[in-house]
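Atoms considered below: every heavy atom in the structure, side chains included; atoms not considered: hydrogens, waters and symmetry mates.
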Amino acid sequence: MDTSAETGAALAALAASVAALAAVIDDRGGPADPLRSLADNCLDGLAEVARCKARFAALKVRLTAEYLGAAEALAPPAATPQ
């Protein structure tokens, strides 16, 4: 897998995390025990935020590495002292 595909996969994983977080926020739970449902949703949301932060950090590392590789390829060769 090339780096562009890996970055795309990382972005897709991050988007999935955000979608999962939105689903947790939108799930208000049933009428059985609203307070328990709220507490569970909060914990689920915090867990998803932690996963999202980890994926975001991994994406930052990948993008930085790709940028450095591109910058090295674009840089002119070092001048030799003459």
Side-chain angles (χ1 to χ4, degrees):
M1 181 182 276
D2 65 40
T3 55
S4 297
E6 290 175 355
T7 299
L11 282 169
L14 185 58
S17 255
V18 170
L21 182 57
V24 167
I25 291 169
D26 288 340
D27 179 19
R28 302 291 182 218
D33 187 356
L35 193 54
R36 171 57 58 195
S37 182
L38 175 62
D40 289 344
N41 286 347
C42 288
L43 290 176
D44 291 345
L46 288 169
E48 194 58 47
V49 166
R51 285 188 289 274
C52 192
K53 286 174 68 174
R55 287 180 176 146
F56 191 70
L59 180 59
K60 284 173 52 177
V61 168
R62 179 164 309 284
L63 289 172
T64 300
E66 285 186 30
Y67 171 78
L68 290 175
E72 286 177 4
L74 290 170
T80 57
Q82 294 181 6

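A donor-acceptor pair under 3.5 Å is absent between the side-chain atoms of S37 and the main chain of D33, judged by distance alone.
Hydrophobic clustering, with ILVMFWY side chains joined whenever heavy atoms are under 4.5 angstrom apart, keeps F56 apart from V61. Note on L63: it clusters hydrophobically with L14, by side-chain heavy-atom contacts below 4.5 Å among ILVMFWY residues.
The CZ atom of R62 sits 10.0 Å away from atom CG of L11, with the distance rounded to the nearest 0.5 Å.
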Check: residues 69-78 side-chain donor-acceptor pairs under 3.5 Å, at least two apart:
none

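Residue pairs meeting the salt bridge (Lys or Arg N to Asp or Glu O under 4.0 Å) criterion with at least one partner in residues 45-55, sequence neighbours excluded, are E48-R51.
Crowding of L35 atom CG: a count of heavy atoms from other residues, nucleotides or ligands under 6.0 Å not exceeding 12.
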